[in-house]
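What follows is a short report on a single structure.
The structure presented is a predicted model; accordingly, all values stated were derived computationally and were not measured.
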Amino acid sequence: MSTTPFEALACPLDGDPLGKSDRVWRCAAGHSFDIARQGHVNLLPVQNKRSCDPGDSKEMVAARRRFLEAGHYQPIAEAVSRAVLADASAGASLSCLDAGCGEGYYLRELARACEEAAGDERSLALLGVDISKWAILAAAKQWKGATWAVGTNAHLPVQANSLDRVLCLFGFPVYPEFARVLKPGGELLQVDAGPDHLRELREIIYPTLKPPRADDEKLPEGFTLLGSETLRESIELSGPEPIADLLAMTPHLHRASAEGRARAASLTSLRLTVDVRLTRWKPEDVA
């Protein structure tokens, strides 16, 4: 199986298809977006930003990269890769977006899984979009096998009906946009934290834990449920560095009090529960 960059990008200003020439993406109206030296492109207009530097900071991106490359979430990456490829027919060419890709770990792991599928004639065209310029910069520096773009899930810079798979992993789903960019028969793969995810860390940094939210099985508008599975693992973090990285890469860093962060900083080891739910959705047919 081979992987290639995804090219069906859309202009974030008018929605027209973008074409690549030399080191520029340009639409028919003349809007142009330079490809950076590292290989990524910024498709996030100023009017779509809520701050000067939205998304994860440079420090959060670095912490996530160290934690993920240590293999702590490898079972999640393997489950996502299996789900992406599960129903792809022999010889198929799949276009896949990671919406909120961070520093690109899950797309790189997907590509690695494809390379290990000896004799597989399928191919993948890969796109990673994240609102953090630091995340996209890190992704582009590490691997050139995908298209990397700064952008927002609220206004994906992607042509309609151009994707076979959309991944939203611990991210912020925008279901109307996901339905717009998926082809008929395409799938949305979503990974969300379960009620016990990182429970041991949360018990340390918070005085009390909020009760888990009721799961009302409400379907997102425009989608039909294909199936779901729970992934549950136990991991051991040895040394203060991976514990600090885990805290730094999650929203818990800013939600915890100074006392809670201090308790986490004093740890030298921590056994944690990884509890996530992988759900597969199919866009409803439009009459």
Within the 4.5 Å heavy-atom criterion, are [X] and [Y] side-chain neighbours or not?
| X | Y | answer |
| --- | --- | --- |
| Leu278 | Val80 | yes |
| Ile205 | Leu247 | yes |
| Pro75 | Leu231 | no |
| Thr152 | Pro12 | no |
| Ile76 | Glu78 | no |
| Leu272 | Leu246 | yes |
| Leu9 | Gln159 | no |
| Leu201 | Leu270 | yes |

Less than 4.0 Å between a side-chain N and a carboxylate O, is that true for [Y] and [X]?
| X | Y | answer |
| --- | --- | --- |
| Arg108 | Glu103 | yes |
| Glu236 | Arg271 | yes |
| Arg23 | Asp34 | no |

What do the steps show when you test Arg263 against Glu259 for salt bridge (Lys or Arg N to Asp or Glu O under 4.0 Å), and what is the final call? CA-CA 6 Å; Arg263 288 193 293 271; Glu259 293 79 6; over 6 Å; no
Inspect the surroundings of [atom1] in [X] and state if more than 12 heavy atoms from other residues, nucleotides or ligands are less than 6.0 Å away.
| X | atom1 | answer |
| --- | --- | --- |
| Lys282 | NZ | no |
| Lys58 | NZ | no |
| Asp14 | CG | yes |

Could you pull out the closest heavy-atom pair between [X] and [Y], with the gap in Å?
| X | Y | result |
| --- | --- | --- |
| Met60 | Ala248 | CG-O, 3.3 Å |
| Ala139 | Gly104 | CB-N, 4.1 Å |
| Phe178 | Cys168 | CE1-CB, 4.0 Å |
| Ile136 | Ala149 | CD1-O, 3.4 Å |
| Ile131 | Val150 | O-CG1, 3.9 Å |
| Val84 | Leu94 | O-CD1, 3.9 Å |

Pair Leu209, Arg199 - check side-chain contact (heavy atoms from CB on, under 4.5 Å), show working. CA-CA 9 Å; Leu209 297 186; Arg199 184 180 186 91; 3.9 Å; yes
Any chance the side chains of [X] and [Y] put a donor and an acceptor closer than 3.5 Å?
| X | Y | result |
| --- | --- | --- |
| Ser2 | Ser123 | no |
| Arg280 | Gln190 | no |
| Gln142 | Tyr105 | no |
| Glu200 | Thr273 | yes |

Under the 3.5 angstrom rule, does the side chain of [X] hit a backbone N or O of [Y] as a donor-acceptor pair?
| X | Y | result |
| --- | --- | --- |
| Lys144 | Gln38 | yes |
| Arg232 | Asp275 | no |
| Arg277 | Gly194 | no |
| Asp22 | Val24 | no |
| Asp164 | Ser95 | yes |
| Asp130 | Gly102 | yes |
| Arg26 | His31 | no |
| Trp148 | Trp143 | yes |
| Thr147 | Phe6 | yes |

Please confirm whether the ring centroid of His40 lies under 6.0 Å from the ring centroid of Phe33. no
Assert yes or no for the condition that the ring centre distance of Phe67 to Tyr73 is strictly below 6.0 Å. yes
Can you tell me how far apart [atom1] ([X]) and [atom2] ([Y]) are? Round to the nearest 0.5 Å.
| X | Y | atom1 | atom2 | value |
| --- | --- | --- | --- | --- |
| Tyr106 | Leu110 | OH | CG | 12.5 Å |
| Glu187 | Trp281 | CD | CH2 | 12.5 Å |
| Thr250 | His197 | OG1 | NE2 | 8.5 Å |
| Leu43 | Leu13 | CG | CG | 9.0 Å |
| Leu107 | Leu127 | CG | CG | 8.0 Å |
| Ser266 | Arg261 | OG | CZ | 13.5 Å |

Co-membership, hydrophobic cluster, residues [X] and [Y], 4.5 Å side-chain:
| X | Y | answer |
| --- | --- | --- |
| Leu226 | Leu189 | no |
| Val61 | Val41 | no |
| Val174 | Phe170 | no |

In sequence, state the C-alpha distance, the side-chain angles, and the governing distance for Arg180 and Glu177, and then conclude on salt bridge (Lys or Arg N to Asp or Glu O under 4.0 Å). CA-CA 5 Å; Arg180 179 185 68 82; Glu177 274 293 273; 2.8 Å; yes
